[in-house]
Number of protein chains: 2
Amino acid sequence: MALTTKDIALLAGVSQSTVSRSLNNSPLISQKTRERILKIAREQEFEFNANARGLSTNRADTIGIIYPDDYLEFGVNLYFGSLHTHLRQTLEKRDIDLIVAFSKNRWTGADNVKRLVVRRKVDGLILVRSLVDPETLEFLRRTGIPFVFLHFHQDSPNTEGIDQVYADHVKGGFLGTDHLIRLGHQKIVCISVDEAEEFAQRRRGYRTALEKHGIPYDETLMLYGDRSFQSGYRIVKQHCDLISKATALFAHTDVMALGALDALREMNLRVPEDIALVGYDDIELTTFFHPHLTTVHQPREEIAVLACERLLELAGSKRIKRGKEIKIQPSLVVRESCGARA
Amino acid sequence: MALTTKDIALLAGVSQSTVSRSLNNSPLISQKTRERILKIAREQEFEFNANARGLSTNRADTIGIIYPDDYLEFGVNLYFGSLHTHLRQTLEKRDIDLIVAFSKNRWTGADNVKRLVVRRKVDGLILVRSLVDPETLEFLRRTGIPFVFLHFHQDSPNTEGIDQVYADHVKGGFLGTDHLIRLGHQKIVCISVDEAEEFAQRRRGYRTALEKHGIPYDETLMLYGDRSFQSGYRIVKQHCDLISKATALFAHTDVMALGALDALREMNLRVPEDIALVGYDDIELTTFFHPHLTTVHQPREEIAVLACERLLELAGSKRIKRGKEIKIQPSLVVRESCGARA
DNA sequence: ATGATAGATGCAACCGCATGCATGGAGATG
DNA sequence: CATCTCCATGCATGCGGTTGCATCTATCAT
C-alpha cells in the first residue's frame with residue numbers, strides 16, 4: 001500500500017540503503033544522487049514508516065504530555081487549555097507529534113508514564129504539575145528518558161537534578177498583594193487552594209508582601225477553595241461578614257475570582273468601589289466579565305515554548321547535564337477590578 | 001534496557017514465539033503455559049515495544065484527531081475542549097493513545113492527515129468539522145484507513161459513504177426559535193456565522209420554526225459574527241436600533257450570546273425582561289453569567305463516545321460497511337435568559 | 001503395540017528502516 | 001601504466017515483534 005524505501009530504490013535504480021541515506025542527509029551520499037532521490041520521494045509523496053524507523057532508531061518522533069486528572073474539569077482547563085495550545089504549536093513546527101495522557105492517579109501519573117515510555121511510544125515526557133512518587137521518578141531516571149516538569153517548582157530532596165520550567169508563584173503572590181497594599185488596602189482576604197504546592201507558594205508571596213509593608217499576617221483572612229467558579233462563589237457567601245469588613249480580595253485563580261465576583265454582585269458590593277479584586281492566571285476569560293479583572297499574568301506561551309525546547313535539547317543529546325531549572329517571571333496586569341484606574 | 005519477549009522467553013524457558021502467543025491470547029497455547037508466562041510478564045512489568053509490534057501488525061494502537069486551526073482560538077475551544085475531554089476519556093478506557101493534530105489548512109487538514117496516515121502512526125482518524133478537499137478524501141479512501149467525521153453533517157456528492165457523527169443543527173436551530181415564538185416573540189434577531197456549514201443548518205432550523213408559526217422570514221434580522229465573544233458584543237452595538245425594536249435574540253454560539261449579553265447590559269436592556277436571549281452549545285461557562293443562559297444543548301459526551309466507538313468498530317474489521325451516519329439530537333435547556341421562568 | 005491425530009511448541013522468515021562493513025570505480029600519485 | 005586513495009554505493013544484519021509451517025509429544029483408536 002504505502003511506499004517503502006525499497007520502492008523508491010527500485011524507481012531510482014539504486015539500493016535501499018542509498019535511499020535511506022539520501023533521505024536522512026547522510027554525508028556519504030553524493031549531491032547528485034541525493035537530489036535525484038529526494039525528487040522522486042517528493043513526487044511519490046513518500047513518508048517513512050514510523051514504526052520501522054522507530055524500531056531501528058529507538059526513537060518515536062513523538063513526545064508525551066501527562067496532565068493531572070483534574071485538567072479535565074472545566075475551569076482548570078481554562079488555564080491549561082491555553083498552555084496546551086502553545087505546546088502543540090511549538091511541537092508542530094518541528095514535526096513532532098504529541099500524545100496526550102492523563103494520570104489517573106493525580107499525584108503520580110505512574111500508569112501512563114510507564115506505559116508510554118516502556119512501549120517506546122515517546123522520546124520524552126512533559127509532566128504538567130505532577131507530583132511524581134519516588135518509584136516513578138526512579139523509573140524515569142533509570143530509563144534515562146528525557147522529561148521536564150512543568151508549571152511549578154518542586155523542591156524536595158528527590159527532585160534533585162530534575163529539569164523544570166515553572167512560574168515564580170511566590171513572586172506572583174507578592175505582586176498581587178503588593179499592588180493592593182500600595183492602593184491603600186490593609187485587610188486583604190485571600191482565596192487560595194489547599195492541596196497543591198503552587199498555591200502554598202502564592203500564599204508565601206502574599207505573606208512576604210504583608211511583611212514588607214509591616215502588616216501583620218491574619219490567618220482568619222486566608223480562605224480555601226478548590227479552584228472552581230462555584231467554590232469562589234460559595235466562599236464569599238459563606239464568609240460575607242468577614243468580606244464586608246475587608247477592602248480587598250485576592251483570589252489565587254481567576255476562575256475563583258470570577259465566582260467571587262458573582263457572589264459580591266449578589267451581596268451588592270461594588271467592585272472595585274466597595275472591595276477591590278485581584279485574580280491569578282490571566283485566563284482569556286477575564287475580559288468577558290465586568291469589571292475586567294486585574295490579575296497576575298502567567299506567561300503560558302513562554303512556559304510552553306521553553307519546556308519544549310528544553311525537552312528537545314535533552315532528547316537530542318545524552319551528554320547534556322540534567323537538572324536545569326527555568327524560572328519564569330509572572331507580571332501584574334492591571335485592569336479595572338482593583339480600582340487602580342479610578 | 002527495556003525487556004523484550006526474548007528476555008521473558010529466557011526467563012520462562014520457552015521460545016520467544018510462545019511468549020508472544022501467550023501474551024496475545026493465542027488459542028494455540030496451553031492454559032498452563034500461558035498463565036505462567038503472564039505471571040512472569042507481570043512481575044517483570046513487561047510491555048511490548050510498540051514500534052516492533054506496529055511494524056509487524058501494521059497497527060499503532062493510536063488514533064489521530066484532527067482539529068481545524070480555529071480550535072486554538074479561545075472561545076472556540078470552550079466548545080471543543082469539552083468534546084476533546086470526552087474523546088480522551090473514552091479512548092483511555094480502551095488503552096488506545098491519541099495523537100492530536102491541527103489542520104493548517106482550515107478546510108482540508110490535508111497535511112497532517114497524510115503524514116499521520118502514511119507514517120502509520122495512527123489506525124484511524126477523527127476529523128472534527130473538517131471539510132476535506134476531494135483529493136484528501138480520495139487519499140483516505142484509497143488507503144482504506146478508517147475515519148469518522150465529527151460534529152456536523154456534510155452532505156455533498158463526494159461525501160457519499162463517509163462515516164459521520166453529528167448533531168442535528170437544523171433541529172437545534174428549530175428548537176431555540178420555536179421556544180422563543182411560543183413565548184410570544186415574533187421579531188427574533190439571529191446572530192449566526194457565515195463561514196461554516198453547521199451554522200447554515202441552524203439558520204435553516206430558524207426559518208423552519210418561523211414557517212411553522214406563519215411568521216414571515218425577515219432577512220434584515222439575520223446578523224453575522226465570527227463565533228467570538230467580541231463579535232457578539234460588537235454586532236449588538238452596531239445594530240442597536242434593530243435590536244431595541246426586537247424582543248428576542250438567538251445567538252448561534254453561546255460565546256457570542258455572552259458577548260451580546262454584555263452589550264445589552266451596557267445598552268441598559270434587561271434580559272429577559274426587555275429582550276429574551278437564547279444561545280447554542282451549552283458550554284459549561286453559561287452558568288457563570290447572569291441571567292443563566294437558555295441554550296441549545298449539544299450532547300458532546302454522546303457525540304464523542306459514539307464517534308470513538310464507530311471508529312474502533314471500523315478499525316476492528318475491514319468487512320464493515322462504511323458510511324454510517326449517526327445523528328444526535330440536541331435539546332433545549334431552559335434557564336433564565338429566555339424569560340420562560342417568569 | 002502401533003500408527004493416526006491433535007494439541008503444544010519451536011523455527012524461521014518477514015515487516016521497513018538504519019548502519020557497519022565490503023566493494024567498486026574514479027582520480028591521484030609515482 | 002600500475003598502484004594507492006578515497007568517495008560513493010551495495011550487501012547484509014539487526015531492531016522486536018507476528019505468524020505460517022515444521023516438529024514433537026501425548027493421547028487415542030485399532
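Quick caveat: nothing in here was measured; it's all calculated off a predicted structure.
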Charged N-O contact under 4.0 Å between [X] and [Y]:
| X | Y | value |
| --- | --- | --- |
| B/R322 | B/E160 | no |
| B/E35 | B/K39 | no |
| B/K114 | A/E47 | no |
| B/D97 | A/R115 | yes |
| A/D163 | A/K324 | no |

Respond yes when some side-chain nitrogen or oxygen of [X] is under 4.0 Å from OP1 or OP2 of [N], and no when none is.
| X | N | answer |
| --- | --- | --- |
| A/N24 | C/dA18 | yes |
| B/T18 | C/dT9 | no |
| A/S20 | C/dA18 | yes |

So, [X] versus [Y]: side-chain donor-acceptor pair below 3.5 Å or not?
| X | Y | value |
| --- | --- | --- |
| A/N58 | A/R53 | no |
| A/T18 | A/S15 | yes |
| A/R59 | B/N51 | no |

Would you classify [X] as touching base, sugar-phosphate or nothing, given that sugar-phosphate means primed atoms plus P, OP1 and OP2, and contacts are heavy atoms under 4.0 Å?
| X | answer |
| --- | --- |
| B/T5 | sugar-phosphate |
| B/S17 | base |
| A/V19 | nothing |
| B/T4 | sugar-phosphate |

Rounded to whole Å, how long is the line connecting atom [atom1] of [X] with atom [atom2] of [N]?
| X | N | atom1 | atom2 | value |
| --- | --- | --- | --- | --- |
| B/N49 | C/dG16 | CG | C1' | 14 Å |
| B/R119 | C/dC17 | CZ | P | 12 Å |
| B/L10 | D/dG16 | CG | C1' | 15 Å |
| A/E47 | C/dC17 | CD | P | 11 Å |

Pull out every protein N or O sitting under 3.5 Å from an N or O of nucleotides 21-28 of chain C, one pair per line with the distance.
none

With five pairs defining each end axis, the helix from C/dA1-D/dT30 to C/dG30-D/dC1 comes out bent, to 10°, by 50°

Value for CZ (B/R310) from CD (B/Q164), rounded to nearest 0.5 Å, stands at 11.5 Å

One should read off an interatomic distance between B/N49 CG and B/T5 OG1, to the nearest 0.5 angstrom, of 9.5 Å

Looking only at D/dT18, C/dA18, C/dG16, the nucleotide nearest the B/F48 side chain is D/dT18

message: Within a 6.0 Å radius of atom CD on B/E43, are there more than 12 heavy atoms belonging to other residues, nucleotides or ligands?
response: yes

In a table with atom names and distances, give each donor-acceptor pair under 3.5 Å that connects a side chain of residues 300-308 of chain A to protein atoms at least two apart or in another chain.
unit_1 : atom_1 : unit_2 : atom_2 : d
A/R300 : NH1    : A/S82  : OG     : 3.4
A/R300 : NH2    : A/D282 : O      : 2.5

So, with a heavy-atom separation below 4.0 Å from DNA chain D, the residues of residues 31-46 of chain B are B/F46

In numerical order, the residues of residues 50-61 of chain A whose heavy atoms come under 4.0 Å of DNA chain D are A/L55, A/S56

Checklist line | Heavy-atom side-chain contact between A/V122 and A/I145 under 4.5 Å | finding: yes

A/Y166 meets the ring pair (Phe, Tyr, Trp, His ring centres under 6.0 Å) criterion, sequence neighbours left out, with A/H153

